[in-house]
Amino acid sequence: MSGAIHAEGLVKTFGDVRALDGVDIDVPEGSVLGLLGPNGAGKTTAVRVLTTLLQPDSGHAEVAGVNVLTRPNEVRRLIGLSGQFAAVDEYLTGRENLQMVGQLYQLSSRDAKRRAGELLERFNLADAADRTAKTYSGGMRRRLDLAAALVVSPPVMFMDEPTTGLDPRNRQQLWEVIQELVAGGTTLLLTTQYLEEADHLADTIAVVDHGKVIARGTSDELKTQTGGDVVEVVVHDREHIERAEEVLRRLGDGETSLVTHTRKLSVPAAGGAKLLAEVIRELDGRGIEIDDIGLRRPTLDDVFISLTGHAAEEEANGRGRKANEENKGEQQ
Ligand SMILES: Nc1ncnc2c1ncn2[C@@H]1O[C@H](COP(=O)(O)OP(=O)(O)OP(=O)(O)O)[C@@H](O)[C@H]1O
Ligand SMILES: [Mg+2]
């Protein structure tokens, strides 16, 4: 049986760019899929296809068993969408924006008011509720847009980078709202650039790069693929970087990486704290002074380096090779 969101072989090209290059997606009912990838990976394009806003060149997609390509109007009644860029009416107040959405969904005017009030509280907008949205900060607009997507609770939700631009407190609160939503049975596809966020919210994660899903799994499975935790060392003396790197390479469990200008070295550490202790002993024994050392969880970049051999940033901004060459130049 296919899931609440199901797509096979989605392809979408814009001129020479293959924004989607054969994407398969399956999200079981009541679960959360995190679509994780760097800028330009194809996340928004996938969301737009699945929410009927964009026709793919080829492929097949269904939401709640309804064909997205042939029955878009039906699909629209089953889904909620919060886009990457907040879609609020600048000239209405926050409260009016939400009431309007309620009325579009044919709530009675009493219910629309009640729901707007609840959501304004929930998203910390009560104080600003009666100001026009054009006076709102970026984070406030973002929250209003998300609130608007939740006025009615559709069975299937799409959220494109819901927390980008939110401060830590609002991000935390949104995570709680999302968790409640999912506990109530909603199926959710969310996109993010943060492994930490996918980690926190998603049952399964699909990592996308250049329009392709390059890995799938739970967050733990992905982290294990990268070798688990990472030991990170900041070397005090630039001259010691090479010797320190040699130590990490020998003791660590994978590729070392180096950011020359911050003198920061890191290496996967399947052995966790045990490896950390060994590295400290070894560096100390060789008289290599350090400014900082620690064990951290892998980031999206670590997952990317391990999956593709390059950092997420590099190719996305088209300066990958140049950045590498500069880096090499500095090391010599
Ligand atoms: N309407 C369009 N016209 C031309 N190219 C497009 C269009 N929409 C997307 N693209 C290209 O398709 C690729 C994927 O874009 P998409 O917006 O899906 O990426 P994304 O993963 O959402 O990135 P971000 O994290 O920056 O939001 C990019 O190379 C982008 O430039
Ligand atoms: Mg996007």
Side-chain angles (χ1 to χ4, degrees), residues 4 27 29-35 44 47 51 64 76-194 196-203:
V27 192
E29 200 178 316
S31 74
V32 183
L33 175 75
L35 215 53
T44 297
V47 168
T51 55
R76 281 178 207 145
R77 281 197 284 276
L78 295 167
I79 62 174
L81 166 65
S82 153
Q84 184 168 8
F85 303 102
V88 301
D89 187 327
E90 299 264 299
Y91 295 96
L92 297 182
T93 66
R95 190 186 307 281
E96 287 163 346
N97 262 289
L98 298 183
Q99 287 176 3
M100 187 186 69
V101 174
Q103 276 155 15
L104 286 177
Y105 280 100
Q106 292 166 354
L107 297 186
S108 71
S109 113
R110 208 168 125 227
D111 285 347
K113 273 196 184 126
R114 186 184 44 77
R115 188 69 183 134
E118 279 169 16
L119 287 163
L120 289 162
E121 285 287 337
R122 196 81 188 81
F123 283 88
N124 275 330
L125 291 168
D127 291 344
D130 298 308
R131 272 166 37 197
T132 53
K134 67 168 186 275
T135 68
Y136 282 19
S137 71
M140 291 164 81
R141 279 164 203 246
R142 173 99 258 173
R143 269 136 58 208
L144 183 61
D145 182 60
L146 286 157
L150 297 174
V151 167
V152 292
S153 320
V156 182
M157 281 284 304
F158 295 85
M159 295 184 177
D160 196 3
E161 299 199 23
T163 66
T164 300
L166 293 188
D167 64 29
R169 189 175 61 112
N170 279 304
R171 172 170 299 180
Q172 186 64 45
Q173 279 177 345
L174 179 64
W175 284 2
E176 284 165 22
V177 173
I178 291 175
Q179 280 162 335
E180 278 170 29
L181 198 71
V182 173
T186 303
T187 304
L188 172 66
L189 184 155
L190 72 91
T191 76
T192 180
Q193 299 186 31
Y194 309 116
E196 186 204 358
E197 178 156 295
D199 195 357
H200 203 87
L201 296 174
D203 298 304

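Below, all heavy atoms of this structure are taken into account, side chains as well, without hydrogens, waters or symmetry copies. Starting from 1, each residue takes its place in the sequence as its number.
Between Gln103 atom CD and Ser108 atom OG the span is 9.0 Å, to the nearest 0.5 Å. Put simply, CG on Leu119 and CZ on Arg114 are 10.0 Å apart, with the number rounded to the nearest 0.5 Å. We find the CG-CD distance between Leu166 and Gln172 to be 11.5 Å, quoted to the nearest 0.5 Å. Distance OG1/Thr132 to CD/Glu96: 9.0 Å, rounded to 0.5 Å. Note: Met157 CE to Leu189 CG = 10.5 Å, rounded to the nearest 0.5 Å. One finds the CD atom of Gln106 at 13.0 Å from the CG atom of Asp111 (value rounded to the nearest 0.5 Å).
A 4.5 Å side-chain heavy-atom check between Asn124 and Met140 finds every atom pair outside the cut-off. Side-chain contact between Tyr105 and Val152 is present, with heavy atoms from C-beta onward closer than 4.5 Å. The shortest side-chain heavy-atom distance between Arg171 and Asp167 does not fall under the 4.5 Å cut-off. At least one side-chain heavy atom of Arg141 sits less than 4.5 Å from a side-chain heavy atom of Glu90. You'll find the side chain of Val151 reaches within 4.5 Å of the side chain of Leu107, heavy atoms only. Side-chain contact between Asp127 and Leu125: absent, with no pair of heavy atoms (C-beta onward) separated by less than 4.5 Å. With a 4.5 Å cut-off on side-chain heavy atoms, Leu174 and Arg143 do not count as touching. Arg131 has its side chain out of reach of Arg95: every pair of non-hydrogen atoms, C-beta onward, lies at least 4.5 Å apart.
Between the side chain of Thr51 and the backbone N or O of Val47 there is at least one donor-acceptor pair closer than 3.5 Å.
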Next item on the list: Evaluate the side chain to side chain contact (heavy atoms under 4.5 Å, CB included) criterion for residues Leu144 and Asn97: first the C-alpha distance (whole Å), next the side-chain angles of each, then the deciding distance (0.1 Å), finally the verdict.
Entry: CA-CA 8 Å; Leu144 183 61; Asn97 262 289; 3.9 Å; yes

Next item on the list: Could you walk me through whether Leu190 and Leu201 pass side chain to side chain contact (heavy atoms under 4.5 Å, CB included), step by step?
Entry: CA-CA 9 Å; Leu190 72 91; Leu201 296 174; 3.8 Å; yes

Check: Hey, mind stepping through Gln179 and His200 against side chain to side chain contact (heavy atoms under 4.5 Å, CB included) and telling me if it holds?
Finding: CA-CA 9 Å; Gln179 280 162 335; His200 203 87; 3.5 Å; yes

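Minimum interatomic distance between Ala64 and Leu78 (heavy atoms only, all atoms of both residues): CB-CD1, 3.9 Å. For the pair Thr191 and Pro162, the tightest heavy-atom approach, listed with the atom from each and the gap, is O-CD, 3.5 Å. Between Ala133 and Val88, the shortest heavy-atom contact is CB-CG2, 4.1 Å. Closest approach of Tyr194 and Thr164 over heavy atoms only: CE1-OG1, 4.4 Å. Across every non-hydrogen atom of Ala129 and Leu120, the tightest pair is CB-CD1, 3.7 Å. In this structure, Ala149 and Ser82 approach most closely via the heavy-atom pair CB-CB, 3.9 Å.
Residue Phe123 is tested with Leu98, Asn170, Asp145, Leu146 for a side-chain contact (heavy atoms from CB on, under 4.5 Å); the sole match is Leu146.
For Glu196, the CD atom sits in a loose shell: 12 or fewer heavy atoms of surrounding residues, nucleotides or ligands are nearer than 6.0 Å.
A donor-acceptor contact closer than 3.5 angstrom is absent between the side chains of Thr93 and Asp130. Using modelled atom types and a 3.5 Å distance limit, the side chains of Glu197 and Thr163 yield a donor-acceptor pair.
The pair Arg142-Glu161 fails the salt-bridge criterion, with no side-chain N (NZ, NE, NH1 or NH2) lying under 4.0 Å from an Asp/Glu carboxylate O. Contact check on Arg122 versus Glu180 returns a salt bridge, with a Lys/Arg side-chain nitrogen under 4.0 Å from an Asp/Glu carboxylate oxygen.
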